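Proteins get letters first, then strands, A, B, ... in listed order; numbering begins at 1 in each. Please read these numbers as outputs of a predicted model, since none were measured by experiment.
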There are 4 protein chains.
Amino acid sequence: MTDILRVAVIGAGRMGADHIKRLSTRIHGAEVAAVVDVDLARAQAAIAGIDGAVALASADDALNNGDVNAVLIATPGFLHEEILYKALEKDFPILCEKPLTPDAESAWKVVQAETATGHKRIQVGFMRRFDAEYAALGSVIRDRELGELLMLHHQHRNPDTPQGFTNEMLINDSVVHEFDAIRFFTGEEITSVQVRLGKATRNAPNGQHDPQHVLIETESGVLADVEIYVNAKFGYEVATQASFEDGIVSIGGDGGPYVRSAGRWGGKVTPGFEERFGAAYDVEVQAWVDAARRGEIGGPTAWDGYATAACCEAGVEAQKSGEKVAVQLNTKPELYK
Amino acid sequence: MTDILRVAVIGAGRMGADHIKRLSTRIHGAEVAAVVDVDLARAQAAIAGIDGAVALASADDALNNGDVNAVLIATPGFLHEEILYKALEKDFPILCEKPLTPDAESAWKVVQAETATGHKRIQVGFMRRFDAEYAALGSVIRDRELGELLMLHHQHRNPDTPQGFTNEMLINDSVVHEFDAIRFFTGEEITSVQVRLGKATRNAPNGQHDPQHVLIETESGVLADVEIYVNAKFGYEVATQASFEDGIVSIGGDGGPYVRSAGRWGGKVTPGFEERFGAAYDVEVQAWVDAARRGEIGGPTAWDGYATAACCEAGVEAQKSGEKVAVQLNTKPELYK
Amino acid sequence: MTDILRVAVIGAGRMGADHIKRLSTRIHGAEVAAVVDVDLARAQAAIAGIDGAVALASADDALNNGDVNAVLIATPGFLHEEILYKALEKDFPILCEKPLTPDAESAWKVVQAETATGHKRIQVGFMRRFDAEYAALGSVIRDRELGELLMLHHQHRNPDTPQGFTNEMLINDSVVHEFDAIRFFTGEEITSVQVRLGKATRNAPNGQHDPQHVLIETESGVLADVEIYVNAKFGYEVATQASFEDGIVSIGGDGGPYVRSAGRWGGKVTPGFEERFGAAYDVEVQAWVDAARRGEIGGPTAWDGYATAACCEAGVEAQKSGEKVAVQLNTKPELYK
Amino acid sequence: MTDILRVAVIGAGRMGADHIKRLSTRIHGAEVAAVVDVDLARAQAAIAGIDGAVALASADDALNNGDVNAVLIATPGFLHEEILYKALEKDFPILCEKPLTPDAESAWKVVQAETATGHKRIQVGFMRRFDAEYAALGSVIRDRELGELLMLHHQHRNPDTPQGFTNEMLINDSVVHEFDAIRFFTGEEITSVQVRLGKATRNAPNGQHDPQHVLIETESGVLADVEIYVNAKFGYEVATQASFEDGIVSIGGDGGPYVRSAGRWGGKVTPGFEERFGAAYDVEVQAWVDAARRGEIGGPTAWDGYATAACCEAGVEAQKSGEKVAVQLNTKPELYK
């Protein structure tokens, strides 16, 4: 086991701030050494109360700071590529929030760059794999407890979207999680994507068609579908129902205290992804820290980042054409097999 | 199979009106021949649209009406005794709403009167025995599917009480259902009752202590308890949790459409006993009609009416003393064994 | 209100026998007058214990029997058309099990024949409309309680199929229920059908591809999909999840006693359609009887039978082609508007 | 914020080993400095793979080891008192597993010893207070969201008991958690305890009467009851149903993946306390570490340990007499108000 991880967190926005809090109060074996944000005041606010952390305005300064030995990238996706190359050069363990990069071509370059180093350094932030229920469903599938998996039905519902959330982002930022989940559950690549646009909610912003129904196939013929509905108002819900030869498994049901009052029974819907997946983020980051201290990675690889980027490109094309679009992938390097 | 039952319904209040509707629109093999109410206008309103039914002001007139061959008694309990004797004299099949009579002494006289006739004519309206979930739990117990039954926890909650609902009525009109249910589930007599009065709701009317916690024992030592809470406001709930040697069974859970909206998941609580036990009433009355046409009864007996009356007397005494009170019963006549 | 319905039940197979028991023990206002089956012994067995019923080998004899004034058709679908014409000629109230007839062309002829009589006499046996949860979801949709309906996800799972159950029957006998349900929920016609075939279960018989994923659109653009899975082994399940502008509603969840034993919590899955929809059949037949006695029908019309037949034809074509197939309908006669 | 906590864990049994793993892999801001066990080999096994930790055979050696600045006591309860005095002398932050000490008299001495130091150093291991659902129910009560709390129904069920588990341990080791929970929920002291012994399971070891029904009252008259059932076989369950003036709240329901297979719906029961309360233990220990680094305690006090010891003594007496037994407490020192 190497020394404690001294992490440079690049990006102090919503996700970055979350990770900073996580690393500095709940994660064992890691500390925040530096926080980088182009808005230096935001970086400074983020390190308040954290002994031994510095606020910086450039990623270069952080990577070259002698106190730093690991990187967590939480900037907008279009900034990832450049930082990834620099961190690979330093041979630092890297946790990169999804997407790896915004398109399949650049993601493939990152895969090649990492492959050239001869070992895996990049873990991509598909945190759902670390959710207890995802993990449980994953092992039912892998162990063939209920025979072969045949179909996967996904519901991905958010209460609303930030301003400027486009149809493309609905695939690239939201359905991307299901692309990874389907790959994780089946252990197969996705071969095609189709998108159905039907009746739209009055609650969607101008120019956004919401909800949409995404139809997905894998190598062995597993049929998956996703209701992606990002202005669903009632709350946050991420659920999956899997049909097997010998049974049905559902995850993502509601929980918490059960109340009967004023003529109704039930409880509170999870309000957002932090509440739904907060524990999964903790497990993800702890897995990364533990693996990094052993010189390994502890989760999804750069190849996973690349393959989902290719799915997203097919998804956006399918959204426009209404037709089924094939997903094309380069040959998988030995490093990821 | 004898002819169709031509039923005289005695009492056209809430329960009577319910039974009139049931007999005239959903029950096979029976029809309403007469409706009796001291308020003749109420009887007349109750027969509107029912071909061949007459409205009468006296039970005697109904029993002596040549068209009547069966009686359903739905008057207040203190009027039951006299009508029961007259109907036994006519040898009519009788469905008598609970309580059989208001006290153990008079109930015992009815038991003796029926015993003297040599056959069972009286069915008492403990309709919970006909509820699908009660029946299912009953057979788990009888078949020892999960070993011996050890404890029964009951929740009996009503949204509110009619004016003038006293502490005694809380035992006699409400907990009486659990006394019968416990006897039905265990097939044993109840041997003692204790009542705990604790903190009371602000929503109870003056002079009524609500909720109360009733502790019950049976012959073999099964421990039961009842939360009786009759101003619970949120809705109607009747539920039981049974602890066995090899597992736990709960009945009376919530159901219906499952809604996620406005930050909450769940559904609608049953508003009252009609919605919760409507189907059980139909099954009960159909069972009575079918048995009556064969010359039998199809449910709880006069003995059941008597034994629960004895439990209620002990319950009211326990409510006043705070002590455990033994339940005393006469010897069971052969007719009911 | 006319006299009691004296019903000729045509066909004494599984469904017929069920209806005979229903009419003779639970339905108010109707009796079984005649049972017809080409296998006369089966008809005779079916009337055992039913006073005043005759067993016959031909539908003609039943329709011309002076004691009969209503018809319930429960033969295989290909025999419906001829009996329907004869019963229409007699002007009898008709409850015809689904399908109305096996194809859209013959169904359209029946619609025209009924239209020519100037009044509605035929009720078609889509019993799901009478299920309490279907009714509840239907009124949430119609009353726009949660805004506009946007998507419908259906699961239709059976434990297994009778021998000889083909891909075509999977649409015509199974998905036909969802075609009617979607029309009932939305109050709109279905405009297109697409079918996805993916990985198949080892438990399907030779020549049958199971499960399948059926994609449906309605006039206003509501997107529906159906997982039809008829060898699902675990039990029987019919469920729907509806996505609205302001919330999500699910029906068809599991219920009954809740058991914790041997390391598991839960309950028993409904084993078949009789248990799942038994109450709905009772409500359906009572609604038909009550309406028939007033000279009306009390449920889905011959037009509903015709329109679903057209959906089935499109579905079977879509199953073969893999493409989206449009549903073509004749103009709706005034009688059904 | 002071330096990282260097914790001496006293006792390397089941609970101790659990805490050692927790401190060395998941808790931020603390490390295991020493593990003490009379069985030195067990202590040595427990520190395998933990850099900088020593195994010792005596608590004295650990407390005097210069590298130690905090103590977590996980020995059997009868050994707590002596270690507590020594740790108080060192002025170390202390997390003491429950019970504080085995009886009210010795617990009161510990309270006095801590009071004499003038500040709180001892946190007692009632981890249920850190469970998310307990916390949620606690705030519903405190905020009077549903009016006044009236009753609390507790189910405390274990699959089985270790050899030698006596009737007294059933109160002292099991119901002690409900004593603390009731005090936590109501913010009141418990005033009386009564115990009902009924029918016993065949699965209990000789000399142990299982299950038992414990009846509890608080200062304001809240009525609580506990089904304590420690050989319940089906699995582990800790649940509470709270009745309020304006509604009912239940916690401790089942969760996890929802499976339909082989004729059943449902999921897996939690097998034991580690799975049910693992997250609560993490939160508890993190709260202790965070507070200790600020010179405070982060949970239940020595007074809580003393008051529950007094409840346990009353409970054991009530178990023997069958009567209601009053709970007697000394005056609460200012330090704990």
Side-chain angles (χ1 to χ4, degrees), chain B residues 146-155 157 159 186 188 191-192 194-204 209-213 215-229 231-235 237 239 241-250 253-254 269 322-324, chain D residues 146-155 157 159 186 188 191-192 194-204 209-213 215-229 231-235 237 239 241-250 253-254 269 322-324:
Chain B
L146 296 170
E148 290 289 315
L149 174 69
L150 305 174
M151 287 196 190
L152 287 166
H153 305 290
H154 300 269
Q155 294 87 43
R157 293 159 181 156
T186 61
E188 302 176 24
T191 54
S192 77
Q194 180 185 353
V195 181
R196 305 167 80 203
L197 305 184
K199 206 165 170 179
T201 175
R202 70 177 193 282
N203 299 312
H209 193 107
D210 184 43
Q212 302 188 9
H213 194 213
L215 309 172
I216 293 160
E217 292 173 324
T218 74
E219 291 168 316
S220 75
V222 172
L223 300 181
D225 67 295
V226 183
E227 181 194 303
I228 177 69
Y229 186 7
N231 297 281
K233 287 186 68 184
F234 71 93
E237 182 194 2
Q241 188 172 81
S243 302
F244 294 85
E245 287 182 314
D246 302 327
I248 311 293
V249 178
S250 301
D254 300 303
V269 171
E323 303 296 320
K324 187 156 97 172
Chain D
L146 297 169
E148 289 290 316
L149 173 71
L150 305 174
M151 287 196 190
L152 286 166
H153 305 290
H154 299 270
Q155 294 87 42
R157 294 160 180 157
T186 60
E188 300 176 24
T191 55
S192 76
Q194 181 185 352
V195 181
R196 303 167 81 204
L197 305 184
K199 206 164 169 180
T201 174
R202 69 177 195 281
N203 299 313
H209 193 106
D210 183 43
Q212 302 187 11
H213 195 211
L215 309 172
I216 294 160
E217 294 174 323
T218 73
E219 291 167 317
S220 74
V222 172
L223 299 182
D225 67 295
V226 183
E227 180 194 301
I228 177 70
Y229 186 7
N231 298 281
K233 287 186 67 185
F234 72 91
E237 182 194 1
Q241 189 172 79
S243 301
F244 294 85
E245 288 183 313
D246 302 326
I248 311 293
V249 178
S250 301
D254 299 304
V269 171
E323 303 296 320
K324 188 156 97 172

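- Taking chain D as the reference chain and counting heavy-atom pairs below 4.5 Å, the highest number among B:T201, B:V269, B:T218 is found for B:T201.
- Taking both residues in full, the closest heavy atoms of B:R202 and D:G147 are given as NH1-CA, 4.3 Å, listed atom of the first, atom of the second, then distance.
- The candidate from B:K324, B:K233, B:M151 with the greatest count of non-hydrogen atom pairs under 4.5 Å with chain D is B:M151.
- In terms of heavy atoms, B:L215 sits closest to D:L215 at CD1-CD1, 3.2 Å.
- Counting only distance, with no hydrogens or angles, the side chain of D:E245 and the backbone of B:N203 share no donor-acceptor pair below 3.5 Å.
- Between B:Y229 and D:F244, the shortest heavy-atom contact is OH-O, 2.5 Å.
- Using a 4.5 Å cut-off between heavy atoms, D:Q212 contacts chain B through its backbone alone, with no side-chain atom that close.
- Between chain D and the options B:G235, B:P211, B:A232, heavy-atom pairs under 4.5 Å are most frequent for B:P211.
- Among the candidates B:Q241, B:R196, B:Q155, the residue making the largest number of heavy-atom pairs closer than 4.5 Å to chain D is B:R196.
- Annotation: maximal heavy-atom pairing with chain B below 4.5 Å, among D:A204, D:A200, D:S243, occurs at D:S243.
- Across D:R157, D:E217, D:H153, the residue that shares the most heavy-atom pairs under 4.5 angstrom with chain B is D:R157.
- In this structure, the side-chain contact (heavy atoms from CB on, under 4.5 Å) partners of B:E219, at least two apart in sequence or on a different chain, are B:E188, B:E189, B:T191.
- Put simply, of B:E227, B:E237, B:E148, the one with the most heavy-atom pairs under 4.5 Å next to chain D is B:E227.
- In this structure, B:L150 and D:H213 have side chains that are not in contact, with every pair of non-hydrogen atoms separated by 4.5 Å or more.
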